[in-house]
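Computed over heavy atoms, backbone and side chain alike; hydrogens, waters and symmetry mates excluded. Each chain gets a letter, A, B and so on, in the order the sequences are listed, and its residues count up from 1.
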Number of protein chains: 2
Amino acid sequence: MATIKDVARLAGVSVSTVSRVINDNGYVNAETRKNVINAMENLGFRPSNIARGLVSGKTYTIGLVIPDISNPFFPDIARGVEDEAIANNYNVILCNSDWKVERETMYLSLLIEKRCEGVVLVGSHSEESDLLKVIGKMPFVSVDREMVHAGHSVWVDNEFGAYTATKHLYEEGYKRVVHISGPPSVRSANARLSGYKKAVREFNYHEPQIIESDFRTSGGYESALKVLEQQGDSRPDAIFAGNDLMAIGVIQACEKIGIKGGVDLGIVGFDGIGSSAYTSPSLTTIFQPGYEMGRRACHLLLDEIVNPGKRRIKEVFNFELLVRASTKWIK
Amino acid sequence: MATIKDVARLAGVSVSTVSRVINDNGYVNAETRKNVINAMENLGFRPSNIARGLVSGKTYTIGLVIPDISNPFFPDIARGVEDEAIANNYNVILCNSDWKVERETMYLSLLIEKRCEGVVLVGSHSEESDLLKVIGKMPFVSVDREMVHAGHSVWVDNEFGAYTATKHLYEEGYKRVVHISGPPSVRSANARLSGYKKAVREFNYHEPQIIESDFRTSGGYESALKVLEQQGDSRPDAIFAGNDLMAIGVIQACEKIGIKGGVDLGIVGFDGIGSSAYTSPSLTTIFQPGYEMGRRACHLLLDEIVNPGKRRIKEVFNFELLVRASTKWIK
DNA sequence: TGATAATGTGGAAACGTTACCACAATCTTA
DNA sequence: TAAGATTGTGGTAACGTTTCCACATTATCA
């Protein structure tokens, strides 16, 4: 790969002059500039951003640490982050942490060594103090989790969302709502759990009933089967699933045992993933504006990079209760 | 950020010695090593991979240029690429091209300037010759499109898949199959179109009937409405949609006008995205092994990086016809 | 017309590493 | 006990840029 020296030699000028042409600063004679540009084209010269980065200290790269890009809640966030990044000439390194603390740590270390200028951390799983230790002075924005001591944060009020979801079920006339929760190690899962409890206590038709699961369709399916095999008064007439994937599992379970979703069993999910609109019955859910959150998080990050340490920003995005067929007695 | 010099100074040794400790090569006295490690920890030292990259010429970074990560067919591919990359200590820069040639070109240029060691190009859209011009000598693997003159390629036989899908409809007893095609600028869309035509001609019940659309749910919805408003003999009893997203739109259109998917109208999609299993009726589709293709593509790329220029590999992955409720007269 | 400003160019240090070479001290071994 | 191997350490060029300084030449203006 041709270097700036090769270009200089071919154009018969000094390295400094070539640099001036590349960066379009300082004085360069029109004729000289033409020669240099010619030389660059002939050699297929591309400036090395890594050499540039070494002198400027800027890499124009940020990291995106996200649990799992193939989980349908996350691609929207990723797209938002990337759109905002490229609009500002930054690139994004994609890291799938699989909700594992060690992977998160490993990626963060790598990103630091690569001299990423910052990182968007989605659904981080680590203890905040541990996190801050590895992340050091690298700017970061947390999505889907509030950080207490550092960084900016952007999230949706999971507890209030879950409360709203559960309340909606009672208001639609369902009397006994079970919650299929996500893994307790995931913060948002816990917040949703406590939102559920709050609503249950408020309406006070029954005790909270919780089945712990794993945020996956299969987990939702199996949990629902377990719930629905109960007979008599204790059998619930509605399920609030900790996320849409599990809610889809609940729908599948209904089909399996011949129960009509919506009619015989109210179902609410969480996240508002695209496919929640296409299930049968279509899924009532709490929609989170993933794209906007991603985009905003990246914006805050780039802002922090340019203008560091001024303040810490926390933004709570509004969710939206999308009422669909899975919570309608009739249809 | 502390440098190797700071560490050397604090540990009272030379830069060379610190380098030896970092890379664990050459002779270092046990005592000295301990001091150096202490110094590194005290300073929170992290070696700069960008400085390393400058001398070694290696960045351990590859690019992933993909049309749109928030389109449900692509996250699996991305995950496959990233998994394989990180298993080999490589990072992945995510680039959303939105099927636009200029964006593809822009990203490729950026990746070259960042000295990425290679790129996985998904569903590339550019003329091959133009592509090769910008990509220069950077190793690459094309996914979902066969490259004729350079690079490795990994894809599924779209034409044969479409043929299989259409044939399946006739074999199930549908007599008149319309195709809602993807944008003609997308190669796989064209291949699917010609697979459809082939099957139509073979069975010869009717002329090919094609509606051009855009690979989006809304496009599928509108196209289906147009198709279904025809009355009489020319009204089709089945639709083969160019991808699952559009097929979902077809299902929505059925619901809208009170037609039973599967019974009154056979529907087949393409891709096998996760949510195709959860629609109502569940969607018959041609499944593409996205994760495996991504993983394999990345493997080929890393292989090429380590051991360049030996040969060109083309791999055609098998698709799978997933027969579900949308092509069953009864149920 | 002389002083100052504008224009044009090159040389070299610096960025943070690694890799090579040189040198010295200590250990083996015949 | 001398020759060679092993162990341990430091100095420095090189990687590909940018930036600063120095120097020349030409233009401007009072």
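As judged by a 4.0 angstrom heavy-atom cut-off over every strand, Thr3(A) is placed among residues touching the sugar-phosphate backbone only. Across all strands shown, Val13(A) has heavy atoms under 4.0 Å from sugar-phosphate atoms exclusively, and none from any base. Residue contacts shown for Val28(B) are limited to sugar-phosphate atoms, with no base heavy atom under 4.0 Å away. Counting non-hydrogen atoms under 4.0 angstrom, Asn23(A) reaches the backbone sugars and phosphates but no base. Residue contacts shown for Arg33(B) are absent, as no nucleic acid heavy atom lies under 4.0 Å away. Using a 4.0 Å heavy-atom cutoff across all strands shown, Ser19(A) reaches at least one base atom of the nucleic acid.
In the set dT17(D), dG8(C), dC15(C), dG8(C) carries the atom at the smallest distance from any side-chain atom of Asn29(A). Here the side chain of Tyr27(A) is nearest to one of dT9(C), dT17(D), dG16(D), namely dT9(C). Of the listed nucleotides (dT9(D), dT19(D), dT17(D)), dT9(D) has the atom at the smallest distance from the side chain of Arg20(B).
Take the nearest nucleotide of DNA chain D for Val15(B) and for Val18(A): the residue whose nucleotide is more 5' is Val15(B). If you find the closest nucleotide of DNA chain C to Asn25(B) and to Ile50(B), the one lying nearer the 5' end belongs to Ile50(B).
In this structure, CE of Met40(B) is placed 17 Å from P of dG16(C), rounded to the nearest angstrom. Between Asn49(B) atom CG and dC15(C) atom C1' the separation is 15 Å, expressed in whole Å. Rounded to whole Å, atom C1' of dG16(C) lies 8 Å from atom CZ of Phe45(B). Rounded to a whole Å, the NZ atom of Lys58(B) is 16 Å from the P atom of dG16(D). Asp24(A) places its CG atom 15 Å from the C1' atom of dG8(C), with the value rounded to the nearest Å. One interatomic measurement links the two molecules: CZ of Arg115(A) to C1' of dT17(D), which rounds to 18 Å at whole-angstrom precision. The distance between atom NZ of Lys114(B) and atom P of dT17(D), rounded to the nearest whole Å, is 15 Å. Atom pair Leu54(B):CG and dC15(C):C1' shows a separation of 9 Å (rounding to whole Å applied).
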| task | Verify salt bridge (charged side-chain N to carboxylate O under 4.0 Å, His left out) between Asp303(B) and Arg296(B), making sure each step is shown before the conclusion. | result | CA-CA 10 Å; Asp303(B) 215 58; Arg296(B) 181 68 182 152; over 6 Å; no

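A pairwise comparison of heavy atoms in Asp144(A) and Gln288(A) identifies OD1-OE1, 4.0 Å as the closest pair.
Residue Thr32(B) places at least one side-chain N or O under 4.0 Å from the OP1 or OP2 atom of dT9(D). For Thr17(A) and dG10(C), the shortest distance from a side-chain N or O to OP1 or OP2 is below 4.0 Å.
Within 6.0 Å of atom NZ in Lys5(A), 12 or fewer heavy atoms from other residues, nucleotides or ligands are found, so the atom counts as exposed in its surroundings.
No donor-acceptor contact under 3.5 Å links the side chain of Ser14(B) to the base of dG11(D).
Checking Ser126(B) against Glu104(B) by side-chain atom types alone, a donor-acceptor pair falls below 3.5 Å.
Of the charged side-chain nitrogens involved, at least one lies within less than 4.0 Å of a carboxylate oxygen, so that Asp98(B) and Arg79(A) count as a salt-bridged pair. Note on Asp76(A) versus Arg295(A): no salt bridge recorded, every NZ/NE/NH1/NH2 to OD/OE distance being 4.0 Å or above.
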